[in-house]
Amino acid sequence: MDTKNIHATDHSRVIIHIDIDCFYAQVEMIKNPELRNIPMGVQQKNVVVTSNYIARETGIKKCMLLEDALRICPKIVLVNGEDLHDYRQISYKVTTHLQKYSSQVERLGLDENFLDATSLVETKLKSKHENITAKGHIFGNNENNCDCGCQLRLTVGSEIAQEIRDSIRHEFQLTCSAGIAHNKLLAKLVGAKHKPNQQTLLYPNSTCELLYQLQNVVDIPGIGRAMGDMLKNLGVSTIRELQHLNFDKLKFAFGEEKAKLIQNLSNGIDNSPVKSSGKPTSIGLEDSCRNITAIGEVKDKLNQLMNRLMVLVSEDGRIPRTIKLTIRKFDSISKMSNRESRQTNITTSLFTVKSNSIELQQKSAQRLTSTIMTLFTKMVDVHKPYHITLLGLSFTKFLERMNGKSSITSFFRKNVEVQSITNIENKNDLTTSPMECTPFSYDLSGSESEFEPSPKKTKFSKLIAKRRCFEADDCPSPSKLKVADLRLSSAKNVSSDSSDSKNSFSDDNSNSICCPPNVDAAVFKEIPKELQQEVWNDYKREMNEKQEQKLQPVIKKPKTNTLLNYFLKN
DNA sequence: ATGGGTCCT
DNA sequence: AGGACCC
């Protein structure tokens with residue numbers, strides 16, 4: 001049986017693509033409402049990356065050179081948008097909001113999300129059979145005569161999309177556009193048909209009409225420049241040509257998998273699932289530069305990058321476990337993308353974790369720098385002349401902080417900062433999904449203000465119900481785990497014998513339980529004995545770790561048999 | 001173009 | 001580690 005036909009007629013899903021209109025510009029208008037009524041552009045370097053719609057009426061386009069923009073619209077007010085902090089923050093709030101509608105929400109950049117609304121639609125259809133009317137635009141002129149039930153499902157999908165857009169407007173004062181279709185590719189393509197602040201629904205019968213409106217194969221998301229160039233060499237530039245290209249030729253050029261994939265795309269077939277996005281899997285920065293030739297300059301640039309990067313890591317709240325250095329060597333025939341990179345693991349103990357920040361203290365910074373320079377020398381022979389035109393650093397393999405304030409110890413802790421990852425407090429306190437946070441507010445001045453801890457009593461009752469656990473981000477199914485459940489601390493992990501069981505509260509190796517000096521003794525007295533035990537064990541472990549750090553500042557920690565290490569190795 | 005990211009090999 | 005893709 002031809003699998004192509006199976007896929008071609010599979011309209012079982014309902015996918016909504018949501019694209020926030022001129023996202024950066026909208027954020028800037030929220031921050032400064034005076035910008036709403038005047039032409040305004042967001043500037044990064046010498047480029048106006050986006051603009052509000054008043055500016056667009058004058059002819060300003062996305063990613064226009066500053067010079068051109070000013071010529072077209074001398075009155076345009078420019079806002080610097082190089083600091084992505086606020087955009088990133090609001091972007092994640094929107095995604096988190098969307099997760100209330102579906103567990104399957106996939107981010108694409110800061111301003112786009114796919115949402116799989118299939119089950120939402122099915123649920124809605126069970127209770128509602130009347131008054132189902134398509135919301136927004138419907139693409140195309142074809143009669144829909146598919147009998148698989150997709151028309152009804154997609155129509156309900158358009159109602160849901162409308163609700164979602166309304167809710168985004170209410171919650172965030174952001175307008176967005178949406179596309180509704182039976183797969184991601186088509187949802188994205190059709191959503192672009194009416195913007196801003198509109199939505200478009202595609203029934204499968206109009207798929208070809210939609211595809212044929214594209215000028216070139218590279219207008220299909222998923223077919224990029226590289227494939228576009230190769231296709232061009234095969235004499236293929238239009239969608240039609242790709243659809244009809246001999247499959248063996250395609251297979252020869254791209255291999256069977258890729259060939260099938262892109263030919264499917266050219267037919268509007270896209271079975272890729274909406275993948276739930278969590279927090280970013282990497283956080284990095286890179287700077288292109290002219291001709292760095294001296295090691296001092298390299299170190300300098302890298303230090304600057306690291307300082308900026310630590311701000312991002314601190315905002316993110318997780319502890320990175322690998323670092324990657326990327327360089328670009330000058331190349332006379334500078335074929336782009338001649339980047340090289342090397343990565344290595346780093347120890348979590350490098351990072352000083354405070355209640356609301358993650359920092360690198362001087363010695364750690366020095367250690368990191370030397371680690372990075374080691375990576376550098378793996379790519380560059382520093383004894384010979386060299387020139388570097390780009391330097392980049394990025395962190396990956398993050399360790400999710402347990403929700404710090406859900407740590408028993410940190411819950412009782414007085415305001416004492418302790419240098420240990422077992423003592424992490426997460427600013428996204430008591431959230432219930434990897435990205436969830438407290439209700440949105442436009443106070444962008446300080447992230448902390450948005451993450452006020454819950455009252456102690458609430459927290460306490462939640463806490464004693466929780467099991468201890470924690471999560472490295474590369475562990476499976478992050479979306480199923482609640483951040484509030486994530487715990488790094490574990491009472492008996494101090495012990496290094498091999499009989500550990502992961503969740504046991506008691507059987508400490510020392511008998512007496514005391515109130516740690518950084519815990520309120522009055523509170524300590526009131527809590528159940530098991531909890532006292534755990535608090536005490538937490539404290540002891542912290543002390544042990546501090547000792548370790550002092551005694552073995554550089555040497556790699558021995559693998560003691562702790563829960564932490566059990567998960568860390570990998 | 002640049003500077004973020006993701007996923008696949 | 002690199003490449004291709006996305007915005």
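Each chain gets a letter, A, B and so on, in the order its sequence line appears, and its residues count up from 1. Just so it is clear, the values below take in all heavy atoms, side chains as well, and ignore hydrogens, waters and symmetry mates.
Side-chain contact of A:His194 with A:Ser177: a donor-acceptor pair under 3.5 Å is absent, judged by distance alone. Judged by distance alone, the side chains of A:Lys193 and A:Gln198 never bring a donor and an acceptor atom under 3.5 Å apart. Side-chain N/O atoms of A:Ser282 and A:Ser394 include no donor and acceptor closer than 3.5 Å. Under the 3.5 Å distance criterion, with hydrogens and angles disregarded, no donor-acceptor pair is assigned to the side chains of A:Asn32 and A:Glu28. Defined by atom type and a distance below 3.5 Å, a donor-acceptor pair is missing between the side-chain atoms of A:Thr118 and A:Arg13.
In this structure, of C:dG2, C:dC5, B:dT6, it is C:dC5 that holds the atom nearest to the side chain of A:Ala226. In this structure, the nucleotide among C:dC5, C:dC6, C:dA1 sitting nearest to the side chain of A:Lys188 is C:dC6. Checked against C:dC5, B:dT2, C:dC6, the side chain of A:Met227 finds its nearest nucleotide in C:dC5. Of the candidates B:dG4, C:dG2, B:dG5, B:dG4 carries the atom nearest the A:Leu285 side chain, counting heavy atoms from C-beta on. Nearest to the side chain of A:Cys63, among B:dG4, C:dA4, B:dA1, sits B:dA1. Side-chain proximity of A:Glu286 to the nucleotides C:dC7, B:dG4, C:dG2 is greatest for B:dG4. Set against B:dG3, C:dA1, C:dC7, the side chain of A:Gln343 has C:dA1 as its closest nucleotide.
Using a 4.0 Å heavy-atom distance criterion, A:Ile283 is classed as a sugar-phosphate-only contact. Residue A:Gly392 is classed as having no contact, given no heavy-atom separation below 4.0 Å to the nucleic acid. The residue A:Leu65 sits apart from the nucleic acid: no heavy atom pair falls under 4.0 Å. A:Gln44 comes within contact range of no nucleotide atom at all, as no heavy-atom separation falls under 4.0 Å.
Computed from coordinates, the A:Asp86 CG to B:dG4 P distance equals 16 Å when rounded to whole Å. Between A:Met230 atom CE and C:dC5 atom P there is a gap of 10 Å when expressed in whole angstrom units. The nearest whole Å value for the distance from the CG atom in A:Asn46 to the P atom in B:dT2 is 11 Å. Here the P atom of nucleotide C:dC7 and the NZ atom of A:Lys184 are 12 Å apart, to the nearest Å. Rounded to an integer number of Å, the gap from CG of A:Leu309 to P of B:dG4 is 9 Å. Between the CZ atom of A:Arg225 and the P atom of C:dC6 there is a distance of 12 Å, rounded to whole Å. If you measure from atom CG of A:Leu305 to atom C1' of B:dT2, you get 14 Å, rounded to the nearest angstrom. Atom CZ of A:Arg339 and atom P of C:dA4 are 13 Å apart (whole Å).
Ring-plane geometry between A:Tyr24 and A:Tyr87 is classed as parallel, the angle between the planes falling under 30 degrees on a 0 to 90 degree scale with a further cut at 60.
At C:dA1, none of the side-chain N or O atoms of A:Lys378 fall inside 4.0 Å of OP1 or OP2 (strictly under the cut-off). Between A:Arg342 and C:dA1, a side-chain N or O to OP1/OP2 separation shorter than 4.0 Å is present. Between A:Lys45 and B:dG3 there is a side-chain N or O to OP1 or OP2 distance below 4.0 Å. The phosphate of B:dG4 has neither OP1 nor OP2 within less than 4.0 Å of any side-chain N or O from A:Ser282.
Considering A:Ile20, A:Thr175, A:Asn113, A:Val94 as possible partners of A:Ile168, the one that fulfils the side-chain contact (heavy atoms from CB on, under 4.5 Å) test is A:Val94.
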Side-chain donor-acceptor contacts of residues 370-379 of chain A below 3.5 Å, not counting sequence neighbours, with atom names and distances?
unit_1	atom_1	unit_2	atom_2	d
A:Ser370	OG	A:Arg367	O	3.0
A:Thr371	OG1	A:Arg367	O	2.9
A:Thr374	OG1	A:Ser370	O	2.8
A:Thr377	OG1	A:Met373	O	3.3
A:Thr377	OG1	A:Thr374	O	2.8

Table of protein N/O atoms under 3.5 Å from nucleotides 7-9 of chain B N/O atoms:
none

